Protein chains: 2
Amino acid sequence: MTEIDTGRVAARPHRRSDATRTAILVAARERFAADGYDRATIRAIAKAANIDPSMVMRYYGSKEGLYAAALDVDLRLPDPASLDPRDVGRVLVGHFLDLWEENEVLSAMLRVGATHQAGAERMQGVFRDQLLPLARQVCPDPEQAPTRAALIASQVLGLALTRYILRFPPTVALGREEIVEWLGPTVQRYLTAPDPSPHP
Amino acid sequence: MTEIDTGRVAARPHRRSDATRTAILVAARERFAADGYDRATIRAIAKAANIDPSMVMRYYGSKEGLYAAALDVDLRLPDPASLDPRDVGRVLVGHFLDLWEENEVLSAMLRVGATHQAGAERMQGVFRDQLLPLARQVCPDPEQAPTRAALIASQVLGLALTRYILRFPPTVALGREEIVEWLGPTVQRYLTAPDPSPHP
DNA sequence: TCTGTTTGCCAACATACGTTGGCATCACTG
DNA sequence: CAGTGATGCCAACGTATGTTGGCAAACAGA
């Protein structure tokens, strides 16, 4: 009911409240990233956006609606066809690092995903719609793509968890290049290596 | 005030309330693991333990105190001296999988650590006091132990995150042996491989 | 048996939360 | 300039939370 457009086709409704709306989204990402779902209260978000809590309800319907509007993620994964196949691992790791440093959306998604069902499903969606297709395109047997994409997710999310959420000191101290050199080959192997043979 | 012993040295105070006390701890782990810190309410924990919420306060002082009492973790890491050095990676991965399946303490710690400061510090403590010493003992240059232990933590926690918390379907579908064969070599490399050389 | 402590529950507190409805004010359309 | 909708704030609702104090019953030691 709040999202009907103002009459014209769909081109730039140009609502006077757009500034407020985006201020709310920015503050929401900030609070979700710092505190997770439950402690990121609508009142705190509103205060950070310098508006009244009731505006959040008017523009986004509910806290769940706000979460849904604030946290959609486009990983902007590179097209693997344009890459040296032996470099994919390193490039991916570097790309993910850039994404995590660039803004707090991913931190917010991870913090919320850890305790909130909708957040976990949101992350499953990002995985399924963005990382998995890339794996299907690159890895030798497309039937293994889900497994391989999941392994990559485990390593990349694990690094983000220890570096940006739990803030393990040695992980925080690592430089970008070090991380790329350590994790790149791992991701490369998960993506392109033949099945690991059972141990003797 | 609640934890003074009953007079004797320290040998078995034998309080009649011990059953209640452990029931509270069990219920607390259960709720923390399922809901994280904020949504695991003292009332819900008390209901799961079939006692009154005020008992939780009496025996553990506060919700923070309950968390501190409920979630201490002993990883029981194997002594690397007793292992074939080329098997350490696989053994460690298998051991961590057993720990995660064995009970819900680690799930609780991870869910709480993602949104709660004290939880994150608790995980840092486990890392520092248990995983890092093992790395110091095994990896070639002990000065690199923090980095290498942190890398292992990132991979192992990342798997746990995607498998037990976010429940990515492909990760959940993996069998124990598959995980060991995929992650074992990764952990082995993080632990014992020479520095990765910068890419040309 | 009498006395003091422990165990447990009940009722209540202060606070914080998401959410709602009403009422001004501003901007635009006719 | 009149009027209609959008924008914003205020006050309040119902509910839930962590936490507290008091009181009854069960137990332990003399």
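Being a predicted model, the structure only gives us computed values, none of them experimental. Naming: A, B, ... by sequence-line order, numbering from 1 per chain.
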Round to the nearest Å and state the distance from [X] atom [atom1] to [N] atom [atom2].
| X | N | atom1 | atom2 | answer |
| --- | --- | --- | --- | --- |
| B:D35 | D:dT17 | CG | P | 11 Å |
| A:Y60 | C:dT20 | OH | P | 17 Å |
| A:I51 | D:dC10 | CD1 | C1' | 14 Å |
| B:D18 | C:dT6 | CG | P | 13 Å |
| A:D52 | C:dT25 | CG | P | 16 Å |
| B:R21 | C:dT7 | CZ | P | 6 Å |
| B:R58 | D:dT20 | CZ | C1' | 11 Å |
| A:M55 | D:dC9 | CE | P | 7 Å |

Distance-only criterion, 3.5 Å: show the donor-acceptor pairs between side-chain atoms of residues 39-48 of chain A and protein atoms not counting sequence neighbours.
from, atom 1, to, atom 2, distance (Å)
A:R39, NH1, B:D38, OD1, 3.2
A:R39, NH1, B:H116, ND1, 3.3
A:T41, OG1, A:A44, N, 3.0

Inset, instruction - For the residue pair A:R90 and A:E181, establish whether any side-chain heavy-atom pair is separated by less than 4.5 Å. - result: yes
Inset, instruction - Please state whether the rings of B:F32 and B:Y37 are parallel, tilted or perpendicular, taking 30° and 60° as the class boundaries. - result: parallel
Nucleotide N/O to protein N/O under 3.5 Å, stretch nucleotides 14-18 of chain C:
from, atom 1, to, atom 2, distance (Å)
C:dG18, OP1, A:I42, N, 3.4
C:dG18, OP1, A:K63, NZ, 3.0
C:dG18, OP2, A:I42, N, 3.0
C:dG18, N7, A:R43, NH1, 2.5
C:dG18, O6, A:R43, NH2, 3.0

Legend entry - B:Q144/B:D195 under side chain to side chain donor-acceptor pair (under 3.5 Å): CA gap, chis, key distance, verdict: CA-CA 9 Å; B:Q144 294 182 328; B:D195 278 288; 2.7 Å; yes
Side-chain N,O ([X]) to OP1/OP2 ([N]) below 4.0 Å:
| X | N | answer |
| --- | --- | --- |
| A:S54 | C:dG21 | no |
| A:S17 | D:dT7 | yes |
| B:Y59 | C:dG8 | yes |

Close N or O pairs between protein and nucleotides 25-27 of chain D (under 3.5 Å):
none

Inset, instruction - Just grab all the salt bridge (Lys or Arg N to Asp or Glu O under 4.0 Å) pairs involving residues 62-81 of chain A, residues at least two apart or on different chains. - result: A:R76-A:E102
Legend entry - Pairs meeting criterion salt bridge (Lys or Arg N to Asp or Glu O under 4.0 Å) with involvement of residues 152-171 of chain B, two or more places apart: B:E101-B:R163
Legend entry - Short side-chain to backbone donor-acceptor contact, A:Q155 and A:I152, under 3.5 Å: no
Inset, instruction - Output yes when a side-chain donor or acceptor of A:Q130 lies under 3.5 Å from a complementary backbone atom of A:V73, and no otherwise. - result: yes
Legend entry - Strand DNA chain C as a dot-bracket string - pairs counted if Watson-Crick or G-U with both distances under 3.5 Å, | where the partner lies in another strand: ||||||||||||||||||||||||||||||
Inset, instruction - May I have the step-by-step check of side chain to side chain donor-acceptor pair (under 3.5 Å) for B:Y190 and A:T186, ending in yes or no? - result: CA-CA 10 Å; B:Y190 290 161; A:T186 299; 2.8 Å; yes
Inset, instruction - Might you work through the salt bridge (Lys or Arg N to Asp or Glu O under 4.0 Å) test for B:D98 and B:R176, ending with a clear yes or no? - result: CA-CA 9 Å; B:D98 293 341; B:R176 185 197 140 99; 2.4 Å; yes
Inset, instruction - Determine whether A:L157 and A:Y164 fall in the same hydrophobic cluster, where Ile, Leu, Val, Met, Phe, Trp and Tyr are linked whenever their side-chain heavy atoms lie under 4.5 Å apart. - result: yes
